[in-house]
Amino acid sequence: MQSIVVLGSTGSIGVNTLKIAKKFGIKVEGIVANSNTTLLNQQIEKFQPKYVAIANEKKKDAVKFDSLFVGSGGIIELLHHCQSPLVVNAMVGYSGVMPSIECLKLGKRLALANKESLVVAGKFLDCTQIHPIDSEHFGLWYLMGEKKFSKLYITASGGALRDWDVAKMKDARVEDVLRHPNWSMGQKITVDSATMVNKLFEVLEAKWLFNTDKIDALIEEKSIIHALIEFEDGSTTAHIADVDMKLPIAYALNQKIEGQILKPIDLLKVGSLKFKSIEEQKYPLWKMKDYLLQNPDMGLVLNAANDMMVEKFLNKEVSFEAIYKNIDKAIEKFDGFILNSLSDIELCNSAVRNFLLT
Ligand code: NDP
Ligand code: MG
């Protein structure tokens with residue numbers, strides 16, 4: 001019987017992954033959460049995993065499981081115990097990076113939602129062992145054939161503030177930013193969509209996964225088209241599917257799917273589709289797209305600054321504008337940064353965060 005491990009089982013992707021595992025009759029050998037012990041306990045009861053870890057040490061007594069692994073070290077320990085050849089990493093932000101590295105070191109395949117792993121450590125990860133869960137990269141994977149491509153396109157919804165006046169955006173409140181027009185996702189990625197950092201991350205993610213710099217992004221407000229590939233012969237193909245992460249998750253768990261996962265799109269109901277460029281006036285961070293492609297190690301800096309500022313924004317400690325101002329500040333300070341080895345990651349991540357604290 002196929003079995004998997006799910007890191008971040010209590011999150012938006014994690015919950016959908018468990019649904020797909022149930023649908024396919026896949027055993028869940030291990031699960032990992034951070035602080036939602038109510039849901040974690042329900043998952044333990046329902047899926048009877050052999051191993052469980054909780055990252056947040058303060059919550060350990062609320063978890064109904066003997067021999068629980070605890071803390072970020074506990075997640076690594078859990079991975080060492082699990083026999084499953086496939087790990088779904090649906091943890092959020094930097095917390096997912098070390099577990100991804102460890103999975104690959106252990107010779108396991110990685111079904112990757114935690115795009116931050118590639119943004120931070122892409123050059124050290126063996127992408128032949130990674131199945132993308134991110135919808136755009138799943139779309140690219142789905143479209144990719146033998147023919148030579150000239151450009152990869154991923155689409156953006158524009159996030160929750162896409163119809164706002166630019167002048168008002170800097171003061172957007174947490175409640176405004178979390179009101180995503182199309183997708184229901186975790187809080188951090190919803191903020192990342194509004195700042196367009198999510199698309200910068202995804203450009204780097206595509207770079208590592210498909211080994212190319214020929215990547216661009218467009219706004220498609222209905223989020224019906226997830227990715228397009230322009231081929232050298234002048235054809236462009238598009239991946240069209242409903243706004244539902246179950247499809248990419250299903251393929252990351254089992255690439256020989258037969259039968260329906262989602263209802264097909266009713267094209268007549270969709271009506272028209274429109275593509276727009278990503279305006280730097282509205283999304284000021286988008287200006288660094290080409291810079292990041294040329295200096296991909298700067299992904300670590302972008303991610304460290306973003307993780308910290310999004311957390312502060314969600315805690316209502318800083319304004320929306322502070323997210324991109326501080327990212328700019330960190331990028332300027334660490335310009336030219338080179339990541340020499342995997343063992344430097346932790347230190348460099350802390351250095352960026354400490355810089356922003358001062
Ligand atoms: P959620 O916030 O919904 O879930 C995050 C999960 O990670 C939860 O299980 C949470 O635990 C856990 N977690 C949080 N902090 C830690 C930590 N320090 N250590 C261990 N586990 C932790 O996020 P999403 O599911 O939306 O996103 C997960 C990843 O997938 C992100 O990298 C995101 O960018 C990516 N992604 C998400 C998409 C989506 O549709 N949601 C689409 C494409 C990519 P708990 O809830 O118990 O606190
Ligand atoms: Mg995406």
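Order of listing sets the numbers, starting from 1, for every ligand and every atom in it.
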Full working for side chain to side chain donor-acceptor pair (under 3.5 Å) between Asn198 and Glu202: CA-CA 6 Å; Asn198 185 46; Glu202 291 185 354; 3.2 Å; yes
Ligand 1 N/O within reach of Gly8 N/O, cut-off under 3.5 Å: yes
Phe47 CZ: over 12 foreign heavy atoms closer than 6.0 Å: yes
Contact check, Gly96 vs ligand 1, heavy-atom distance below 4.0 Å: no
Nearest non-hydrogen partners of Ala53 and Leu78, listed with the distance: N-CD1, 3.6 Å
N or O contact, Asn36 vs ligand 1, cut-off under 3.5 Å: yes
Any N/O pair Asn198/ligand 1 closer than 3.5 Å: no
Ligand 1 to Trp183 polar contact by distance, N or O atoms, under 3.5 Å: no
Interfacing atoms of ligand 1 (cut-off 4.0 Å, heavy-atom, Asn114): 32 (O)
Contact check: Gln187 vs ligand 1, nitrogen or oxygen atoms, below 3.5 angstrom: no
Proximal atoms of ligand 1 relative to Ser95 (non-hydrogen, under 4.0 Å): 16 (C), 17 (C), 18 (N), 19 (N)
From the candidates Pro248, Ala90, Ala113, Pro132, the one that places a heavy atom nearest atom 6 (C) of ligand 1: Ala90
Distance-only N or O hit between ligand 1 and Met185, under 3.5 Å: no
Any donor-acceptor pair under 3.5 Å from Lys222 side chain to Val270 backbone: yes
Polar atom proximity, Ser35 to ligand 1 (N or O, under 3.5 Å): yes
Main-chain N/O of Lys170 paired with Glu321 side-chain donor or acceptor, under 3.5 Å: no
The Mg ion (ligand 2): angle it makes with OE2 (Glu202) and OE1 (Glu136), nearest 10 degrees: 100°
Nearest-neighbour protein heavy atom for atom 3 (O) of ligand 1, which is reported as residue plus atom name and distance: Ser12 N, 2.9 Å
Flag if over 12 foreign heavy atoms under 6.0 Å of NZ, Lys287: yes
The Mg ion (ligand 2) - name of the N/O/S atom of Asp134 that sits closest to it: OD1
Short side-chain to backbone donor-acceptor contact, Asp266 and Leu268, under 3.5 Å: yes
Closest protein heavy atom (residue, atom, distance) for atom 45 (P) of ligand 1: Thr10 OG1, 3.2 Å
Atom 34 (O) of ligand 1 [closest protein heavy-atom partner, distance rounded to 0.1 Å]: Lys115 CE, 3.3 Å
Check: Asp134 N/O within less than 3.5 Å of ligand 1 N/O: no
Pairwise distance CG(Leu285) to CG(Asp328) - rounded to 0.5 angstrom: 6.0 Å
Protein residue, atom and distance nearest to atom 32 (O) of ligand 1, heavy-atom basis: Glu116 OE1, 2.7 Å
Interatomic spacing from CD in Glu116 to CG in Asn89 - rounded to 0.5 Å: 9.0 Å
Derivation and outcome, salt bridge (Lys or Arg N to Asp or Glu O under 4.0 Å), residues Asp216 and Lys289: CA-CA 9 Å; Asp216 211 341; Lys289 179 213 137 202; 3.5 Å; yes
Atom 20 (C) of ligand 1 [closest protein heavy-atom partner, distance rounded to 0.1 Å]: Met91 CE, 3.2 Å
Ligand 1-proximal atoms of Lys188, by part, heavy-atom distance under 4.0 Å: neither
Shared hydrophobic cluster for Val15 and Leu178 (ILVMFWY, side-chain gaps under 4.5 Å): no
Within the 6.0 Å centroid threshold, strictly below: Phe138 and His239: yes
Lys115 (side chain) donor-acceptor with Asp134 (main chain) under 3.5 angstrom: no
Gly186, any N or O under 3.5 Å of ligand 1 N or O: yes
Residues, nucleotides or ligands: over 12 heavy atoms within 6.0 Å of Gln281 CD: no
Considering all heavy atoms, the nearest Leu7-Ile75 contact: CD2-CG2, 4.3 Å
Polar proximity ligand 1 side, Gly11 side, N/O cut 3.5 Å exclusive: yes
Distance filter under 4.0 Å to Ile189 heavy atoms, resulting ligand 1 atoms: 26 (O), 33 (C), 34 (O), 36 (N), 37 (C), 38 (C), 42 (C), 43 (C), 44 (C)
Residue Glu332 excluded, over 12 heavy atoms near CD under 6.0 Å: no
Nearest non-hydrogen protein atom, atom 22 (C) of ligand 1: Asn34 CB, 3.4 Å
Atom 19 (N) of ligand 1 [closest protein heavy-atom partner, distance rounded to 0.1 Å]: Ala55 CB, 3.2 Å
Protein contact to atom 38 (C) of ligand 1 [nearest heavy atom, distance to 0.1 Å]: Ile13 CD1, 3.5 Å
Numbered atoms and elements of ligand 1 in range of Met245, under 4.0 angstrom, heavy atoms: 40 (O), 42 (C), 43 (C)
